[in-house]
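In what follows, chains carry the letters A, B, and so on, assigned in the order in which the sequence lines appear, proteins first and then strands, with residues in each chain numbered from 1. Scope of the values below: all heavy atoms of this structure, side chains included, with no hydrogens, waters or symmetry mates.
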Protein chains: 2
Amino acid sequence: MELNTLSEFKSSKELREKLADIGFAKTFDEGETILNENAYIKAIPIVTKGSIKVMRTDEDGREILLYYIKPGESCIMSFLGGIHQDTSKVKAIAEEDTEILFIPIDKVGLLIKDYPEWLDFIFRLYHKRFEELLEVVNAVAFKKMDERLLNLLQKKCELMSSNTLSVTHEQLANELGTARVVVSRLLKHMEDQGLVKLGRNKVSLI
Amino acid sequence: MELNTLSEFKSSKELREKLADIGFAKTFDEGETILNENAYIKAIPIVTKGSIKVMRTDEDGREILLYYIKPGESCIMSFLGGIHQDTSKVKAIAEEDTEILFIPIDKVGLLIKDYPEWLDFIFRLYHKRFEELLEVVNAVAFKKMDERLLNLLQKKCELMSSNTLSVTHEQLANELGTARVVVSRLLKHMEDQGLVKLGRNKVSLI
DNA sequence: GAGTTACAGTGACTTTTGTTACAGATGGTT
DNA sequence: AACCATCTGTAACAAAAGTCACTGTAACTC
């Protein structure tokens, strides 16, 4: 496990080592499901390499992307879910090959007592996720698909540090909670406007 | 201040008294703004009587209802915002005549140290708000207006413990993030179906 | 290189929601 | 009663998104 990637805790070598000590690392391939809806939560994940996307799923199977979890961050839903013995309301999927450090729930209480910076980490993360969720509400409620699509492409490019993405229109449609034809239509329109370049399994931002 | 309404803390008379001691109470009339977007937060509000609605506002002035805060609950956004010296990302309005106990930010840290149940209260609340936000995302992304409208009416009736609401179509439209005519249209349709009964400034669920 | 599968492009149509514009109704005020 | 502001009903239209059906095409398998 690369301790250095726990950058949030750079102020406390002690906590960093403690986390590495009580946690166990696990790797996931791109696209692999890390957490399913309604699964019980027994450990809190901290991403150390790669990234995770967190999706909300409708009863009818429709999905929508909520946010990405980057290295040094944790899935905060699972945190509270874990503490209150709840099941997960969201689904987590590896966006790329990803390494995760799992901290068992029963050890988390102790950490809060012994390491104030751990509590601060959790609060900060909660705050961030909350604001991201507000942004999602905003986007879904008030923005049109073309704008949301462009936004998604930009976020993905930033995450991958690349202007070219390996995605199908179907995948994009899923993350936006819409249909494949809609995405194809909009992408084509964007290509005509010179905003993107399209290929099979490929979208490049210009 | 009615200490009994701090029902979340019924397990700890001590904490309840402490909160009443360091906080200051304030009342708001129905419709009064309690917190504006981008306002700095200097105290954490706990609702003791009445209820608050929390709205998200778009740059273009469009709004959408996020959730209600009922007696014994706090606006959790302001909690984190307050701790991190942030400005509020949401707007809070009194849904009815409301009494609020404000806890100054600088005292909050001490409470966490001294009263474990205070931290638990905060976590629990965060969790609840998070799930409510997820529901909003779900509704806005996947539900049609008629269903969302019916849902809103039901929530409002529950809050007011009444089947008849004093609202204009305009107000409902604002909370749903849509236009008045849309609400009028849908309400009329619902009346034809025998779901509601309409009057001036009045909607009754059947 | 023939076959197969997944992916992308496109047209035609429907549904839902947003927009504009205006008429009528309601309830309070003078 | 006449007036006024506010609220509600409705029609007609536009825009956005969803749905269906089908074609072409790239990449992979055998």
For [X] and [N], give me the distance from atom [atom1] to atom [atom2], rounded to whole Å.
X	N	atom1	atom2	answer
A:L187	D:dA17	CG	P	14 Å
A:H169	D:dG24	NE2	P	19 Å
B:M145	C:dT19	CE	C1'	14 Å
B:E147	C:dT16	CD	P	12 Å
A:E191	C:dG9	CD	C1'	11 Å
A:K143	D:dA15	NZ	P	20 Å
A:R185	D:dG18	CZ	C1'	8 Å
A:R180	D:dA17	CZ	C1'	15 Å

Which nucleotide wins on minimum distance to the side chain of [X], given the candidates [options]?
X	options	value
A:N201	D:dT10, D:dT19, C:dA8	C:dA8
B:K144	C:dA12, D:dT10, C:dT16	C:dT16
B:R200	C:dG18, D:dA5, D:dT25	D:dA5
B:S184	D:dT8, C:dT10, D:dA17	D:dT8
B:L198	C:dG9, D:dG9, C:dT17	D:dG9

Do other residues, nucleotides or ligands put more than 12 heavy atoms under 6.0 Å from A:K202 NZ?
->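 It does not: A:K202 NZ has 12 such atoms or fewer within range.
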With B:Y68, the side-chain hydrogen bond (donor to acceptor under 3.5 Å, both in side chains) member among B:E158, B:K156, B:K155, B:E132 |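 Answer after filtering B:E158, B:K156, B:K155, B:E132: B:K156.
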Determine: side-chain N/O of B:T178 to OP1/OP2 of C:dG18, distance under 4.0 Å, yes or no.
->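 So the side-chain polar atoms of B:T178 do come within 4.0 Å of the phosphate oxygens OP1 or OP2 of C:dG18, strictly under.
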Residue pair A:Y126, B:F130: steps toward the ring pair (Phe, Tyr, Trp, His ring centres under 6.0 Å) verdict | CA-CA 9 Å; A:Y126 245 114; B:F130 221 95; 5.7 Å; yes
Would you say the side-chain atoms of B:E131 and B:H127 include a donor-acceptor pair closer than 3.5 Å?
->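 B:H127 and B:E131 do have a side-chain donor-acceptor pair below 3.5 Å.
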Candidates A:E32, A:E96, A:E175 - the one meeting salt bridge (charged side-chain N to carboxylate O under 4.0 Å, His left out) with A:K53 |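 Of the listed residues A:E32, A:E96, A:E175, the salt bridge (charged side-chain N to carboxylate O under 4.0 Å, His left out) partner of A:K53 is A:E175.
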